[in-house]
Chemist: 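Supplied in structure tokens, the structure appears directly below.
Chain identifiers are assigned alphabetically (A, B, ...) following the order of the sequence lines, protein sequences preceding nucleic acid strands; residue numbering begins at 1 within each chain.
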Amino acid sequence: MKGHCRFSASKAVKAQLLLRGKVKLESLNIDPRTALGLDASYSERGGVGIGAAVLTSLETLEPVDCKIYISRVCVPYIPGLLAFRELAVMAPAASPLSPKADVVMVDGHGIAHPRRFGIASHVGVILERPSIGVAKRKLTGRLVEEAGVRYVVQNGEKLAVVVGEPPRGVYVSPGHMITLEEAASVAKAAVKPGGWMPEPTRLADRISRAVKTIVKGQTLISYSHTSLCSARLGPGVEDLERPLLKAGIEVE
DNA sequence: GCGACAG
DNA sequence: ATCTTGTCGC
């Protein structure tokens, strides 16, 4: 039987309004050497979510460690409330690695959000780590160009910097414990030559998608970085242990 | 009422 | 984000 899913959008909004008071946008004050890239994929028919956290060197832009968390999901996607859907699988994947990361980079917006509390801010506050939002599309605000730099602006506030040329570009906004300028600088430096997405979130995206094929019962042909990963399983997906082990992914 | 709408 | 066939381009 499918478990009940209770989710109140109005209560979620209230939680955001409460938690956003914790956000600090002060300077990072260091040169970050590692970033933890976060993303999630879903096997919708099974109602299963896959959260991936990839610790990435900002010197080499190569992955150095990876955690996967898989669980049933039931919260719907509602624009502005993305975090409530993704955090359930993203946070458990991220917590063991976040102490080792200088900054957390999340697929989605930071303060470039209607209530200034996108998923990257939410993650930063929860993990108490500096965080950056990297989104492929704009959620709120308008585009303004200033001195050759394009910003997302709302109510006179600069919320995000556009890195690259959309749709082959990303909107970068601070999540927590970092400034807009620093967030943009870190994200830009994490884009490989010829690439358009910063490596930490790009790697998290690729790995979570690779694991999704296993969840769907398909065979993972080969993806070199999955061997770096270890997975943990939430309630209701214990039957995935075999296929994951067979694909070379350690299960804790 | 209308347009916009991360993943 | 996911689903999904063929199709267009490097």
Side-chain angles (χ1 to χ4, degrees), chain A residues 5 7 9 12-13 16 19-20 23 37-54 68-91 93-94 104-125 131-143 150-155 159-164 166-176 180 183-184 187 193-198 200-218:
Chain A
C5 184
F7 178 72
V13 169
Q16 289 181 326
L19 287 170
R20 70 176 179 182
V23 172
L38 303 184
D39 196 15
S41 292
Y42 301 88
S43 184
E44 209 57 71
R45 288 185 56 176
V48 173
I50 302 106
V54 184
I68 299 291
Y69 182 77
I70 305 173
S71 182
R72 299 198 75 86
V73 293
C74 61
V75 179
Y77 166 66
I78 300 171
L81 300 177
L82 172 67
F84 294 90
R85 173 168 167 80
E86 306 224 314
L87 245 46
V89 288
M90 217 174 241
V104 179
M105 199 175 283
V106 189
D107 197 314
H109 291 288
I111 65 167
H113 176 276
R115 291 169 291 281
R116 307 295 178 263
F117 197 69
I119 187 169
S121 296
H122 205 137
V123 165
V125 167
S131 64
I132 299 172
V134 175
K136 299 172 206 66
R137 299 186 302 180
K138 187 169 63 64
L139 173 62
T140 196
R142 59 195 178 86
L143 288 174
R150 284 179 307 167
Y151 297 92
V152 173
V153 176
Q154 195 170 55
N155 302 323
L159 302 178
V161 167
V162 184
V163 173
R168 266 171 55 144
V170 290
Y171 300 89
V172 179
S173 60
H176 185 43
L180 173 61
W196 62 280
M197 282 194 60
T201 46
R202 193 188 69 83
L203 289 166
D205 175 80
R206 291 205 51 182
I207 288 173
S208 65
R209 285 192 208 229
V211 173
K212 183 185 67 180
T213 66
I214 299 168
V215 170
K216 290 172 69 176
Q218 304 172 346

Chemist: Tell me the interatomic distance from A/D39, atom CG, to B/dA6, atom C1', rounded to whole angstroms.
Modeler: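 Interatomic distance, CG of A/D39 to C1' of B/dA6: 11 Å.
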Chemist: Counting only N and O atoms by type, is there a donor-acceptor contact under 3.5 Å from the side chain of A/H113 to the main-chain atoms of A/R115?
Modeler: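 Confirmed, A/H113 side chain pairs with A/R115 backbone.
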Chemist: Any side-chain heavy atom of A/V211 sitting closer than 4.5 Å to one from A/S208?
Modeler: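 Contact flag for A/V211/A/S208 side chains = no.
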Chemist: Check every strand shown and say whether A/Y77 touches a base, only sugar-phosphate, or nothing at a heavy-atom separation below 4.0 Å.
Modeler: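 Answer is base: heavy atoms of A/Y77 come under 4.0 Å of a base.
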Chemist: List DNA chain B stems (3 or more consecutive Watson-Crick/G-U pairs, under 3.5 Å)?
Modeler: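 For DNA chain B no paired stretch is long enough to count as a stem (3 pairs minimum).
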Chemist: To the nearest 0.5 Å, tell me how far A/L139 CG sits from A/I119 CD1.
Modeler: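 One finds 12.0 Å between CG of A/L139 and CD1 of A/I119.
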Chemist: From A/D205 CG over to A/L38 CG, what is the distance, rounded to the nearest 0.5 angstrom?
Modeler: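 Here the rounded value is 12.0 Å.
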Chemist: Strictly under 3.5 Å: I want the nitrogen or oxygen pairs between protein and nucleotides 4-10 of chain C, one per line.
Modeler:
none

Chemist: With rounding to the nearest 0.5 Å, note down the distance linking OH in A/Y171 to NE2 in A/H109.
Modeler: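 A/Y171 atom OH to A/H109 atom NE2 measures 7.5 Å (nearest 0.5 Å).
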Chemist: Please report the distance, rounded to the nearest Å, between CD in A/Q154 and P in B/dA6.
Modeler: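 Going from CD in A/Q154 over to P in B/dA6 covers 14 Å.
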Chemist: I'd like to know if the side chain of A/E86 reaches the main chain of A/A91, judged simply by a donor and an acceptor atom lying under 3.5 Å from each other, with no hydrogens or angles considered.
Modeler: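 No, because the side chain of A/E86 does not come within donor-acceptor range (under 3.5 Å) of the backbone of A/A91.
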Chemist: What contact category does A/G133 fall into here, base, sugar-phosphate, or nothing, at under 4.0 angstrom with non-hydrogen atoms?
Modeler: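 Nothing, no heavy atom under 4.0 Å.
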Chemist: So does A/S43 get a side-chain nitrogen or oxygen closer than 4.0 Å to the phosphate oxygens (OP1/OP2) of C/dT2?
Modeler: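 So the side-chain polar atoms of A/S43 never come under 4.0 Å of the phosphate oxygens OP1 or OP2 of C/dT2.
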Chemist: CD1/A/I50 to CD1/A/I70 distance, rounded to the nearest 0.5 angstrom?
Modeler: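 If I round to the nearest 0.5 Å, the distance is 6.0 Å.
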Chemist: How many whole angstroms separate atom CG of A/L143 from atom C1' of B/dA4?
Modeler: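 Between C1' of B/dA4 and CG of A/L143: 13 Å.
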Chemist: When you measure from every atom of DNA chain B, which of residues 107-114 of chain A have a heavy atom less than 4.0 Å away?
Modeler: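 Nucleic-acid contacts, sorted: A/D107, A/G108, A/H109, A/H113.
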Chemist: Please classify the nucleic acid contact of A/S41 as base, sugar-phosphate, or nothing, using heavy-atom distances under 4.0 Å.
Modeler: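 Here A/S41 touches the backbone only, sparing every base.
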Chemist: Under the rule for side chain to side chain contact (heavy atoms under 4.5 Å, CB included), what residues qualify as partners of A/V23, not counting sequence neighbours?
Modeler: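 Residues passing side chain to side chain contact (heavy atoms under 4.5 Å, CB included) with A/V23: A/L25, A/F117, A/S121, A/V125, A/H176.
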Chemist: Going by side-chain hydrogen bond (donor to acceptor under 3.5 Å, both in side chains), name the residues that satisfy it together with A/K136, two or more places apart in sequence or in a different chain.
Modeler: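 In terms of side-chain hydrogen bond (donor to acceptor under 3.5 Å, both in side chains), with neighbours along the sequence ignored, A/K136 is linked to A/D107.
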Chemist: Does anything in residues 203-215 of chain A come within less than 4.0 Å of DNA chain B? Heavy atoms only, and list the residues if so.
Modeler: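 Nucleic-acid contacts, sorted: none.
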Chemist: So, does A/R137 get its side chain near the phosphate of B/dA6, meaning an N or O under 4.0 Å from OP1 or OP2?
Modeler: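 Checking B/dA6 against A/R137, a side-chain N or O does come within under 4.0 Å of OP1 or OP2.
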Chemist: With a 4.5 Å heavy-atom cut-off, do A/S71 and A/V89 have their side chains touching?
Modeler: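 Answer yes - side chains close enough.
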Chemist: Just by distance, do the side chain of A/R209 and the backbone of A/A204 share a donor-acceptor pair under 3.5 Å?
Modeler: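 Absent.
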Chemist: Check the distance between B/dG7's C1' and A/K138's NZ and give it to me in whole angstrom.
Modeler: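 Going from NZ in A/K138 over to C1' in B/dG7 covers 16 Å.
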Chemist: Would A/R85 count as a cation-pi partner of A/Y42, with NZ or CZ less than 6.0 Å from the six-membered ring centre and within 45° of the ring normal?
Modeler: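 Yes; both conditions hold, so A/R85 lies above the ring face of A/Y42.
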Chemist: To the nearest angstrom, how far is A/Y171 atom OH from B/dA4 atom P?
Modeler: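 From A/Y171 OH to B/dA4 P: 14 Å.
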Chemist: State whether the side chain of A/K212 and the backbone N or O of A/V215 hold a donor-acceptor pair below 3.5 Å, judged by distance alone.
Modeler: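 No, A/K212 side chain to A/V215 backbone: no donor-acceptor pair under 3.5 Å.
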Chemist: Students often mix this up, so state it plainly: with edges at 30° and 60°, are the rings of A/F84 and A/H122 parallel, tilted or perpendicular?
Modeler: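 Geometry flag for A/H122 against A/F84: perpendicular rings.
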Chemist: Considering every strand and a 4.0 Å limit on heavy-atom distances, what is the contact class for A/I119: base, sugar-phosphate, or nothing?
Modeler: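 Base, at least one base heavy atom under 4.0 Å.
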Chemist: For A/F84 and C/dA1, give me the distance from atom CZ to atom C1', rounded to whole Å.
Modeler: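 About 18 Å, once rounded to whole Å.
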Chemist: In this structure, how many angstroms lie between the C1' atom of C/dA1 and the CD1 atom of A/I78, rounded?
Modeler: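 One finds 14 Å between C1' of C/dA1 and CD1 of A/I78, rounded.
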Chemist: Grab the CE-P distance between A/M90 and B/dG7 for me, whole Å please.
Modeler: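 Distance check: A/M90 CE to B/dG7 P gives 11 Å.
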Chemist: Which heavy-atom pair separates A/P114 from A/T140 by the least distance, and what is that distance?
Modeler: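 Answer, listing the atom of A/P114 first, then A/T140: N-CG2, 3.8 Å.
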Chemist: Checking all strands, does A/L87 fall into the base, sugar-phosphate, or nothing category for heavy-atom contacts under 4.0 angstrom?
Modeler: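 Nothing, no heavy atom under 4.0 Å.
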